[in-house]
Amino acid sequence: MMKTTVSPASLNPAASGMEPPRKYKQIAGWIILVAVIVACSVRTEATPYQLIVGLPQMGSLLQEMFPPDWSYLPTIWGPMMETLQIAILGTTLGALLAVPVALLCASNLGVSRWVSLPTRMVLNLVRTIPDLLFAAIFVAVFGIGPFAGMLALVFFSFGIIAKLTFEAIEAIDPGPLEAMTAAGANRLQIIMYGVVPQALPYFMSYLLYTFEVNVRAAAVLGLVGAGGIGLLLDRSLGLFRYDRAAIIILLTLAIVLVIDYGSTMIRRKLL
């Protein structure tokens, strides 16, 4: 019998010249990344010179913000509570709408592609539209007020939660679903006892995250007339009362921090 000798070069494609070494690929990737960043900076005129020139103006603005006008706090407390209510309603209704859509989009639940694909397209369309554009549309339809802001956050929350939830459903353990199918369970039973227990913690985590985002978003929606604290923020900036804008920002920050801490504690118990 003839003994076959295998050379080290045949075992290493990079050494035999079959493909370039990995370090060359990494270098090429970094060069492309830097080129893209430089091109974007040139296009948007985002240069260190622009930042240095703008720093004195930023310092002047901060000087006008401090000290904040604490006497303005009783005036903004009511609109801030309205902002929280907008965020709560928008997140809750959006999450309720997202549940059936997420089930229709999940590919591992046996849903027909003629149903799941159009549903995903609609979901992508909803996520394409920013919340401020939704708010502007609903303000034009229903008029200025918190109702338009609430509807904007419903669609915004629906797009985020439905997308993340159906991806979580597709990543669940298929074992329980296969066992229930073999035992003769119908689709509703599979969803209730096979899908919900696995996907519910992730759904609640996405719900809490979206609520945090919506509190920040609801504070800005008032800039287009969608109610909440944003109306007073827009008014303060328009009147160059930056000390009042500062107290609005500080109150918003305090509420967001409290919500973030509470959401983190709830997530730790769920996951």
Side-chain angles (χ1 to χ4, degrees), residues 65 68 73 76-102 105 123-124 126-139 145-169 171 196 198-234 236-237 245-271:
M65 281 188 170
L73 186 60
I76 66 175
W77 187 254
M80 179 59 72
M81 293 301 102
E82 184 179 76
T83 298
L84 283 176
Q85 293 164 1
I86 292 173
I88 292 172
L89 279 177
T91 306
T92 304
L93 295 179
L96 293 176
L97 293 175
V99 171
V101 174
C105 291
L123 189 59
N124 290 331
V126 172
R127 293 203 327 274
T128 302
I129 304 175
D131 51 353
L132 279 176
L133 181 55
F134 271 128
I137 293 173
F138 289 127
V139 165
F147 183 69
M150 186 271 296
L151 287 179
L153 292 186
V154 167
F155 281 87
F156 179 71
S157 305
F158 163 75
I160 294 179
I161 297 176
K163 168 69 174 178
L164 296 175
T165 302
F166 92 73
E167 289 181 348
I169 293 174
V196 172
Q198 297 188 69
L200 183 60
Y202 298 98
F203 172 79
M204 293 301 299
S205 177
Y206 302 146
L207 175 66
L208 293 172
Y209 168 74
T210 306
F211 175 62
E212 295 175 24
V213 175
N214 282 344
V215 171
R216 302 179 181 92
V220 180
L221 293 181
L223 296 176
V224 294
I229 195 65
L231 289 172
L232 294 182
L233 180 60
D234 184 44
S236 300
L237 294 174
I247 192 63
I248 293 174
I249 294 172
L250 291 175
L251 180 59
T252 304
L253 175 62
I255 292 177
V256 167
L257 289 177
V258 172
I259 293 173
D260 181 69
Y261 177 77
S263 300
T264 302
M265 299 299 295
I266 295 175
R267 285 196 195 97
R268 289 177 179 174
K269 294 183 178 181
L270 290 176
L271 298 179

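- For the pair L153 and A87, the tightest heavy-atom approach, listed with the atom from each and the gap, is CD1-CA, 3.9 Å.
- By the neighbour-count criterion of 12 heavy atoms within 6.0 Å, atom CZ of F155 is sparsely surrounded, having that number or fewer from other residues, nucleotides or ligands.
- One distance of note links CG of L123 with CZ of F166; it measures 6.5 Å at 0.5 Å rounding.
- The shortest non-hydrogen separation linking G149 to L221 is O-CD1, 3.7 Å.
- Within the structure, salt bridge (charged side-chain N to carboxylate O under 4.0 Å, His left out) contacts touching residues 147-168 (residues at least two apart or in different chains) are K163-E167.
- Judged purely by atom type and a 3.5 angstrom limit, T264 uses its side chain to pair as donor or acceptor with the backbone of D260.
- The shortest non-hydrogen separation linking F134 to A152 is CB-CB, 3.8 Å.
- Here L251 contributes atom CG and I247 contributes atom CD1; the two are 7.0 Å apart, rounded to the nearest 0.5 Å.
- Under the 30°/60° scheme for interplanar angles, the aromatic rings of Y202 and Y206 are found to be tilted.
- Considering CZ of F156 and CG of L133, their distance stands at 12.5 Å, rounded to 0.5 Å.
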Derivation of the side chain to side chain contact (heavy atoms under 4.5 Å, CB included) call for I259 and L84: CA-CA 10 Å; I259 293 173; L84 283 176; 3.9 Å; yes

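- When atom types are taken as modelled, the side chain of T210 and the backbone of S157 share no donor-acceptor pair closer than 3.5 angstrom.
- G159 and R127 get closest at one heavy-atom pair: O-CD, 3.2 Å.
- M204 CE to T165 OG1: the interatomic distance, rounded to the nearest 0.5 Å, is 11.0 Å.
- Across L97 and V101, no two heavy atoms sit closer than the pair O-CG2, 3.5 Å.
- Inter-residue side-chain proximity for T252 and M80 is flagged as met; some heavy-atom pair is nearer than 4.5 Å.
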Full working for side chain to side chain contact (heavy atoms under 4.5 Å, CB included) between I255 and M81: CA-CA 10 Å; I255 292 177; M81 293 301 102; 4.3 Å; yes

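- Interatomic distance, D234 CG to I229 CD1, rounded to the nearest 0.5 Å: 11.5 Å.
- Across A162 and A102, no two heavy atoms sit closer than the pair O-CB, 3.8 Å.
- Rounding to the nearest 0.5 Å places CD1 of I248 at 10.0 Å from CG of L73.
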